[in-house]
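Below: one structure, written as structure tokens.
Atom set for the values below is all heavy atoms of this structure, side chains included, hydrogens, waters and symmetry mates excluded. Order of appearance sets the numbers: ligands from 1, and atoms from 1 within every ligand.
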Amino acid sequence: MKPFVKWFGGKTETTEAAQGLDSDNIPSHVAVIMDGNGRWAQKRGLPRIAGHHSGMKNVKKITMAANDIGVRVLTMYAFSTENWKRPKEEVDYLMKLPLEFFPKEIEELIANNVQIRMTGWPQDLPDYTLKSIQDAIDQTKHNDGLILNFALNYGSRKEMLSGVQQLVRDAQAGKVKPEEIDEAMFSRYLLTDPLPDPDLLIRTSGELRISNFMLWQLAYSELWFTDLCWPEFTERHFYEAIQEYQRRARRYGGL
Ligand SMILES: CCc1cc(N2CCCCCC2)n2ncc(-c3ccc(F)cc3)c2n1
């Protein structure tokens with residue numbers, strides 16, 4: 001157990017939670033289903049989009065918290081292929097969030113050597129959304145620190161079916177023999193390649209479902225759920241999830 005000694009500023013709660021961590025057992029890839037934004041707003045008599053806006057402001061905070069303890073990849077589930085069914089005005093608002101996020105946050109992300117990545121189908125996104133994200137990807141592509149991976153217009157079953165279709169095309173073209181197909185090869189046909197599988201999945205808002213998110217990749221991941229809505233989820237809560245991950249890993253070690 002190698003406790004963190006890095007000072008996290010005056011945030012004592014955060015500092016205590018972070019310093020309880022074992023720096024030798026930090027999950028390399030953490031995935032987050034950022035759920036409960038609309039519910040958070042409705043509980044306060046606010047419009048749902050106020051919850052999404054508050055949720056957006058939380059993305060950078062948790063990214064910095066992950067970066068501070070050495071997480072290598074942080075995947076944030078921001079928009080699923082099913083979310084297109086939401087009311088048009090809500091979808092239109094969501095599609096403009098990246099345009100607000102980057103001007104506010106890109107400087108600090110670059111200063112912290114963060115690399116922006118997107119996992120999902122870009123072709124369905126509005127041009128202005130895609131340009132905003134592509135600009136951020138281009139501005140950070142040489143960074144080799146934490147990878148902030150936005151799962152956007154992403155759905156796992158579509159991802160797997162698309163991978164199978166390409167694999168069959170390659171087999172029919174003689175590029176792949178059926179007996180050569182193994183888990184490592186199939187993973188290379190997924191949108192998440194070459195990222196490692198998540199070690200830990202965090203889902204907020206009390207839902208105990210995976211919701212068509214990284215179904216293949218989460219096969220061996222620790223799953224951690226909280227009733228907190230995403231906008232309420234602070235750095236201390238993030239570190240508590242990491243502490244629970246480490247406790248489970250220690251227990252597994254003691255089989
Ligand atoms: C396009 C849907 C969407 C929704 C959304 N919400 C709403 C739902 C989840 C909670 C967070 C706030 N956020 N928050 C950041 C982004 C974002 C995405 C890509 C990017 F490159 C930079 C920022 C975001 N994107």
Is [X] salt-bridged to [Y], cutoff N-O under 4.0 Å?
X      : Y      : result
Asp92  : Lys88  : yes
Lys61  : Glu108 : no
Arg247 : Glu222 : no
Glu207 : Arg209 : yes

If we ignore hydrogens and angles and just use 3.5 Å, is the side chain of Ser80 paired with the main-chain N or O of Asn83 as donor and acceptor? yes
Below 3.5 Å, can you tabulate the donor-acceptor pairs from side chains in residues 94-103 to any protein atom, sequence neighbours excluded?
| from | atom 1 | to | atom 2 | distance (Å) |
| --- | --- | --- | --- | --- |
| Glu100 | OE1 | His53 | NE2 | 3.4 |
| Glu100 | OE2 | His53 | NE2 | 2.5 |
| Glu100 | OE2 | Lys104 | NZ | 2.6 |

Which ligand 1 atoms does [X] reach within 4.0 Å, using its non-hydrogen atoms?
X      : value
His52  : 7 (C), 12 (C)
Phe102 : 20 (C), 21 (F), 22 (C)
Phe101 : 22 (C), 23 (C)

Closest protein heavy atom to atom 19 (C) of ligand 1, given as residue, atom name and distance to 0.1 Å: Phe150 CG, 3.6 Å
Return the closest protein heavy atom for atom 5 (C) of ligand 1 as residue, atom name and distance. Leu97 CD1, 3.4 Å
Specify side chain, backbone, both or neither for [X], according to which of its non-hydrogen atoms lie closer than 4.0 Å to ligand 1.
X      : value
Leu94  : both
Asn37  : side chain
Leu152 : side chain

Would you mind finding which of Ser54, Ala78, Gly55 brings a heavy atom closest to atom 4 (C) of ligand 1? Ala78
Name all residues meeting the salt bridge (Lys or Arg N to Asp or Glu O under 4.0 Å) criterion together with Arg48; count only those two or more places apart in sequence or in a different chain, and write none if there are none. Glu90
